[in-house]
A.B. asks: 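Got a structure here, written out as structure tokens. Questions coming.
Sequence lines set the chain letters: A, B, ... in the order given, protein chains first and strands last, and positions in each chain run from 1.
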Number of protein chains: 2
Amino acid sequence: MSTANCATAIGRPRAFDVQVALEKALEVFWEKGFDGASLSDLTSAMGINKPSMYSAFGNKEQLFLKAIEFYKNRPCGFFKPALGQPTAYKVAESMLMGAAKSMADNSHPQGCVMIQGALSCSEAAAGVKEELIKYRQQSEDQIKDRFELAKAQGDLPESVDACNLARYLNTVMQGISIQASSGATEEQLIDVANLALASFPAGKGQ
Amino acid sequence: MSTANCATAIGRPRAFDVQVALEKALEVFWEKGFDGASLSDLTSAMGINKPSMYSAFGNKEQLFLKAIEFYKNRPCGFFKPALGQPTAYKVAESMLMGAAKSMADNSHPQGCVMIQGALSCSEAAAGVKEELIKYRQQSEDQIKDRFELAKAQGDLPESVDACNLARYLNTVMQGISIQASSGATEEQLIDVANLALASFPAGKGQ
DNA sequence: AATGTTGTGTACCATTTGGTATGAAAAATA
DNA sequence: TATTTTTCATACCAAATGGTACACAACATT
């Protein structure tokens, strides 16, 4: 049951690339959600059969969680780079524009799998729903921390409630996810992002 | 196959109230989504058995659509009253505050079933997903029309793009739905709503 | 070449899925 | 009371669900 691709492997080697299979599974979960994605959907997209899936990933729930983990860390993610922007305003701008661009991108399912993967769901998905809620809260907390830092640096007024502002930013991004999965285009979402930025306490000049 | 409760009914009368059963079904769909709600979940919540459900509502998909129709028209809905507010700003304010209050209300599942009922879903739910997208678009169009009217009345500047502003408002409400279903409280969502209102082109005075 | 270890493919498992056939039960009408 | 019409309850259906047993295949080590 070794998931990692060890250099000196003993026994029959895997005939598939675990990472590639995980990406394929991610696409299925992304499009259909946890409840809507059946094992047949998953394994046929991954190009493997069920025993291989179970031995490599555990079960459907763990496969989902590992796919989400990959999603969080994938190189094209817009979140972490946005957090690193020099000013609070630029953080928000980069995040909203990144969300608009990324979520409307049709090289993969629209919207965000961390939002849509298990929103209203069966009891079987209750675990992954809780996990996704936790992840979303962590993102919000990271934004909040970044805004607290901005306040300490004088980049945001002391009067600003970093917690509320972070929640607002997160809320708009989540709305953008819904819009994207409903068919909104990148341009439309950029307009939304610009309107949302008008609420931002620090002006565009900063 | 008469759905309506006719006064002079011939044959054995229904042992259940169609409207009450529909409300129960709505709650299940609301909480679990179309894919996550099984017929067993539904019929046991409705207090009837499957043949009764099929004869009264058609099938799972039509039951869902009828439940959504009921949801749209239910008396406690905040959307239509908000549209009737006298100014564009008050429309937006009423809508956002109504969303914050309604979606965090724990007398029913959190969030909005028209958003979460079928977002990422299986092929079996593709039809209801499209229907929900259409409904959401109709809501947005109604807001847009209201803002166009506001422009004609001089209540909004001519420079405002009613379409973008409506989409922004809709986006924030959809984000609020996600937040609510993630456990956000009414107070938190009101704070979000107030931040969102800061983007509004017409000032609070209007 | 024999052995130990691990992955693969098939075929299978019990359970659940959405959906029905059928006969009995309850009412209005005749 | 007999008939007609409709609903109810049970039992059932084929297909799909998430998950596994098991024999075999492929590799490293001995």
A.B. asks: Any side-chain donor paired with an acceptor under 3.5 Å for B:Ser177 and B:Gln116?
C.D. replies: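 Yes, B:Gln116 and B:Ser177 have a side-chain donor paired with an acceptor closer than 3.5 Å.
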
A.B. asks: Roughly, in whole Å, what's the span from CZ in A:Arg14 to P in C:dG9?
C.D. replies: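 Distance, rounded to whole Å: 13 Å.
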
A.B. asks: Using heavy-atom distances to pick each residue's nearest nucleotide on DNA chain C, tell me which of B:Asn59 and B:Arg12 is more 5'.
C.D. replies: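 Looking at the nearest nucleotide for each, B:Asn59 comes out on the 5' side.
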
A.B. asks: Using a 3.5 Å distance criterion without hydrogens, assess whether the side chain of B:Ser52 forms a donor-acceptor pair with backbone atoms of B:Ile48.
C.D. replies: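 Not at all, since once roles are kept as given, no pair shorter than 3.5 Å links the two residues.
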
A.B. asks: Check the distance between D:dA23's P and A:Asn49's CG and give it to me in whole angstrom.
C.D. replies: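 In whole Å, D:dA23 P lies 18 Å from A:Asn49 CG.
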
A.B. asks: Return no unless some side-chain N or O of A:Ser52 is found under 4.0 Å from OP1 or OP2 of C:dT8.
C.D. replies: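 Yes, such a contact exists.
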
A.B. asks: Determine, using ring centers only, whether B:Phe147 and B:Phe200 are less than 6.0 Å apart.
C.D. replies: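 Yes, the ring of B:Phe200 comes within the 6.0 Å limit of the ring of B:Phe147, centre to centre.
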
A.B. asks: Atom OH of B:Tyr54 and atom C1' of D:dT7: how far apart are they, to the nearest Å?
C.D. replies: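 Computing the B:Tyr54:OH to D:dT7:C1' distance gives 17 Å.
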
A.B. asks: So, using salt bridge (charged side-chain N to carboxylate O under 4.0 Å, His left out) as the criterion, who are the partners of A:Glu69 when residues are at least two apart?
C.D. replies: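 Result, salt bridge (charged side-chain N to carboxylate O under 4.0 Å, His left out) vs A:Glu69: A:Lys72.
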
A.B. asks: If you measure only the distance, is there a donor-acceptor pair under 3.5 Å linking the side chains of B:Gln110 and B:Asn106?
C.D. replies: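 There is no such pair between these side chains.
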
A.B. asks: When you measure from the side chain of B:Lys50, which nucleotide among C:dG19, C:dT8, C:dA21 comes out closest?
C.D. replies: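 Given the options C:dG19, C:dT8, C:dA21, the side chain of B:Lys50 is closest to C:dG19.
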
A.B. asks: Find the distance B:Ile10:CD1 to D:dT7:P and express it as a whole number of Å.
C.D. replies: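 Value for this atom pair: 10 Å.
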
A.B. asks: Of all of residues 30-46 of chain A, which get a heavy atom below 4.0 angstrom from DNA chain D, listed by number?
C.D. replies: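 Only A:Ala37, A:Ser38, A:Leu39, A:Ser40 qualify.
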
A.B. asks: Under 6.0 Å from the NZ atom of B:Lys24, do we count more than 12 heavy atoms belonging to anything else shown?
C.D. replies: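 No, the 6.0 Å shell around NZ holds no more than 12 heavy atoms from other groups.
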
A.B. asks: From CG of B:Leu63 over to P of C:dG18, roughly how many Å is that when rounded to an integer?
C.D. replies: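 After rounding, the reported distance stands at 11 Å.
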
A.B. asks: With sequence neighbours excluded, tell me which residues meet salt bridge (charged side-chain N to carboxylate O under 4.0 Å, His left out) with A:Asp191.
C.D. replies: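 For A:Asp191, no residue satisfies salt bridge (charged side-chain N to carboxylate O under 4.0 Å, His left out) once neighbours in sequence are set aside.
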
A.B. asks: Nearest to the side chain of A:Phe16 - D:dC8, D:dG18, C:dT8?
C.D. replies: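 Closest of the options to the side chain of A:Phe16: C:dT8.
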
A.B. asks: What is the separation between atom NZ on A:Lys60 and atom P on C:dT15, rounded to the nearest whole Å?
C.D. replies: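 Atom-to-atom, A:Lys60 to C:dT15, this comes out as 19 Å.
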
A.B. asks: Return the value, rounded to whole Å, for the distance between atom CE of B:Met53 and atom P of D:dA9.
C.D. replies: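 Nearest whole value for this atom pair: 16 Å.
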
A.B. asks: From the list C:dG18, D:dA21, C:dA21, which nucleotide is the closest neighbour of the side chain of B:Pro51?
C.D. replies: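 For B:Pro51, the side-chain atoms sit closest to C:dA21.
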
